[in-house]
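Heads up, the thing below is written out as C-alpha cells.
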Amino acid sequence: MQEKQFDMEVTDERADYMKRQLLRLYADQLGMDVVSVTVTPKPRKEGTA
C-alpha cells in the first residue's frame, strides 16, 4: 500500500487564497457578498526586519 503524501507548504499564493476564502465564509455568515478584495502589505515600523 502506498503512503499518501501531502504538500502542506503555505506559499504566499496559498495564504492569500485561504484569507479570501475565510473572508467569503465570514461574509456569508453575515448574509453579505464580497465584491472585491484588495491586499496591501502592512507598513513596517522603523527598526524591524
Side-chain angles (χ1 to χ4, degrees):
M1 178 184 250
Q2 282 187 345
E3 271 188 53
K4 289 186 179 182
Q5 293 191 6
F6 298 98
D7 180 11
M8 300 298 286
E9 181 181 359
V10 179
T11 62
D12 289 339
E13 294 82 18
R14 288 180 180 178
D16 288 341
Y17 175 80
M18 288 186 273
K19 289 175 187 176
R20 285 191 300 270
Q21 288 301 101
L22 287 171
L23 179 63
R24 287 187 176 102
L25 288 169
Y26 182 64
D28 186 58
Q29 289 177 349
L30 298 175
M32 300 178 176
D33 287 327
V34 176
V35 176
S36 68
V37 176
T38 303
V39 180
T40 57
K42 290 182 181 178
R44 292 188 176 196
K45 293 181 182 176
E46 211 172 297
T48 60

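Just so you know, residue 1 is the first one in the sequence shown, and it goes up from there.
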* Structure fact -> Output for pair (L22 CG, K19 NZ), nearest 0.5 Å, gives 10.0 Å
* Asked: Sub-3.5 Å donor-acceptor pair from the side chain of R14 to the main-chain atoms of E9, do we have one?
  -> yes
* Asked: Are L23 and L25 linked, directly or through other ILVMFWY residues, by side chains that come within less than 4.5 angstrom of each other?
  -> no
* Closest contact, heavy atoms only, V10 versus M18 -> CG1-CE, 3.7 Å
